[in-house]
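Keep in mind it's a predicted model, so treat the numbers as computed, not measured. Counting convention: from 1, in listed order, for ligands and their atoms alike.
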Amino acid sequence: MKPEDFILRDYDRLAEEGEHSAQAPSNIALVKYWGKIPDQMPCNPSISLTLKKALTETHLSYRKNSEMDDDLDVEVYLDEERQRAFEPKVMDFFQRIQEYVGFVKDHKFVIRTSNTFPHSSGIASSASAMASIAICLMEMEKSISPKMTRDYYYKKASFMARLGSGSACRSLIGRVVLWGELEDKRDSSDHYGIRANRVHSIFKDYQDAILLVDKGKKSISSSQGHRLMYDHPYARTRFDQAGKNASQLLKILENGNLEDFITLVEKEALSLHAMMMTSDPYFILMQPNTLDIIKRIWRFRNDTGIPVCFTLDAGANVHLLYPKRYSQKVIRYIEEELTLLCQDKHVIYDEVGNGAKVIKS
Ligand code: PMV
């Protein structure tokens with residue numbers, strides 16, 4: 001589908017007021033998106049696992065503005081407290097999507113959100129937040145186009161979420177998600193995420209223990225990091241590498257070869273951080289404990305033969321990935337050895353989940 005296909009042309013029949021609720025999960029990239037052109041168009045394809053427990057819940061209510069008033073009007077609350085600092089970001093988001101859901105211009109919106117993970121945990125909530133708002137907006141659209149297909153619903157939700165925060169487009173459809181055009185995947189798109197359907201059973205309930213090394217705010221935001229890829233000396237090579245890794249990972253996800261999975265996923269995580277360390281200005285988001293944990297994960301894997309591996313997002317926290325059948329042994333190891341290296345011994349045990357959904361009142 002193309003962006004033009006997502007333009008809603010007639011929304012006169014929309015109710016004067018209403019409300020919708022939705023929840024959407026966070027996701028963790030296995031092949032990383034790092035580098036974009038305007039409007040969150042990615043410079044390379046990425047692939048992620050949708051999480052299950054790290055969720056944002058959003059309640060959106062709307063009321064029609066007076067005839068004369070077509071300014072965007074949004075109030076945002078987090079845990080019942082007004083968050084004026086977030087409002088410009090949501091307004092920007094609405095500005096970008098108003099071509100596709102024109103009704104955002106002539107309604108006043110109140111958005112109430114809460115996260116199932118602690119606010120200051122170093123887990124970015126923008127992906128899950130934007131995805132959950134996108135679902136609420138799709139419910140508004142569905143109220144006047146009840147016959148829209150499921151395919152259109154999720155693609156447009158993902159398309160809009162991308163315009164809020166790039167990686168948010170991978171937080172809609174669930175399980176393993178590919179975002180970005182890949183030559184050998186005809187239905188892939190830079191505009192939205194699609195589910196990778198041919199996935200070996202071992203990955204269906206893959207586990208992700210998020211080891212919270214640093215719960216503080218990052219010194220460099222991901223927007224700044226993406227920007228530094230504009231004139232990064234290794235950018236072209238990195239974008240090509242990510243494309244190849246995405247194609248290869250789809251094959252691995254299909255055949256279930258864990259050795260290849262581990263190598264590719266860890267290489268991707270370190271390549272992402274290598275880009276940070278070689279940008280101008282350069283920066284390091286890993287902390288000493290990040291490295292310590294990585295080395296311990298390698299040692300544990302060598303000693304036990306259990307196929308654990310790590311990935312990193314744009315921060316110091318470590319995502320420890322493993323097949324569910326090893327849960328008991330891995331959790332014991334985490335509790336005995338790795339929690340000591342986490343801030344407040346904090347670990348979030350998550351796993352692959354089914355994506356965003358409507359909350360019926
Ligand atoms: O969606 P953003 O702009 O927060 O960028 C996400 C970047 C990474 O988390 C580092 C990688 C990814 O693909 O999620």
At a non-hydrogen distance cut-off of under 4.0 Å, which region of [X] contacts ligand 1 (side chain, backbone, both, or neither)?
| X | value |
| --- | --- |
| Ala29 | side chain |
| Gln40 | neither |
| Ala314 | both |

Could you check whether atom NZ of Lys204 has more than 12 heavy atoms from other residues, nucleotides or ligands sitting under 6.0 Å from it? yes
Might you confirm whether atom CD1 of Ile284 has over 12 heavy atoms from other residues, nucleotides or ligands at distances under 6.0 Å? no
Which residue and non-hydrogen atom of the protein lie closest to [atom], and at what distance in Å?
| atom | result |
| --- | --- |
| atom 9 (O) of ligand 1 | Asp313 CB, 4.1 Å |
| atom 1 (O) of ligand 1 | Ser167 OG, 2.7 Å |
| atom 11 (C) of ligand 1 | Tyr33 O, 3.4 Å |

Under 6.0 Å between the ring centres of Phe203 and Phe261?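 Centroid distance Phe203-Phe261: below 6.0 Å, so yes.
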Is the distance between the ring centroids of Trp179 and Tyr192 under 6.0 Å? no
Report yes or no: does a heavy atom of Arg170 sit under 4.0 Å from some atom of ligand 1?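 Flag set, Arg170 near ligand 1.
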Is there a heavy atom of Ser126 sitting under 4.0 angstrom from any atom of ligand 1? no
Quick check: do Tyr153 and Lys142 have side-chain heavy atoms less than 4.5 Å from each other?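 The answer is yes, as the side chains (C-beta and beyond) meet within the 4.5 Å cut-off.
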For the residue pair Glu75 and Tyr77, confirm or rule out a side-chain donor-acceptor distance under 3.5 Å.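 The criterion, which ignores hydrogens and geometry beyond distance, is satisfied for Tyr77 and Glu75.
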Is there a donor-acceptor contact under 3.5 Å linking the side chains of Lys32 and Thr311?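 Yes - a donor-acceptor pair under 3.5 Å links their side chains.
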Which option wins on minimum heavy-atom distance to atom 3 (O) of ligand 1: His226, Met275, Glu268?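 Looking at heavy atoms only, His226 sits closest to atom 3 (O) of ligand 1.
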Pick whichever of Ser221, Ser222, Pro45 has a heavy atom sitting closest to atom 4 (O) of ligand 1. Ser222
Counting each atom of ligand 1 from 1 as listed, which ones have a heavy atom of Trp34 under 4.0 Å away?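 Here the atoms of ligand 1 in question are 7 (C), 10 (C).
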Using a strict 4.0 Å cut-off to heavy atoms of Ser165, name the atoms of ligand 1 that fall inside it. 1 (O)
Hey, could you give me the CE/NE2 distance between Met41 and His191, rounded to the nearest 0.5 Å?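 Taking CE in Met41 and NE2 in His191, the distance rounds to 4.0 Å.
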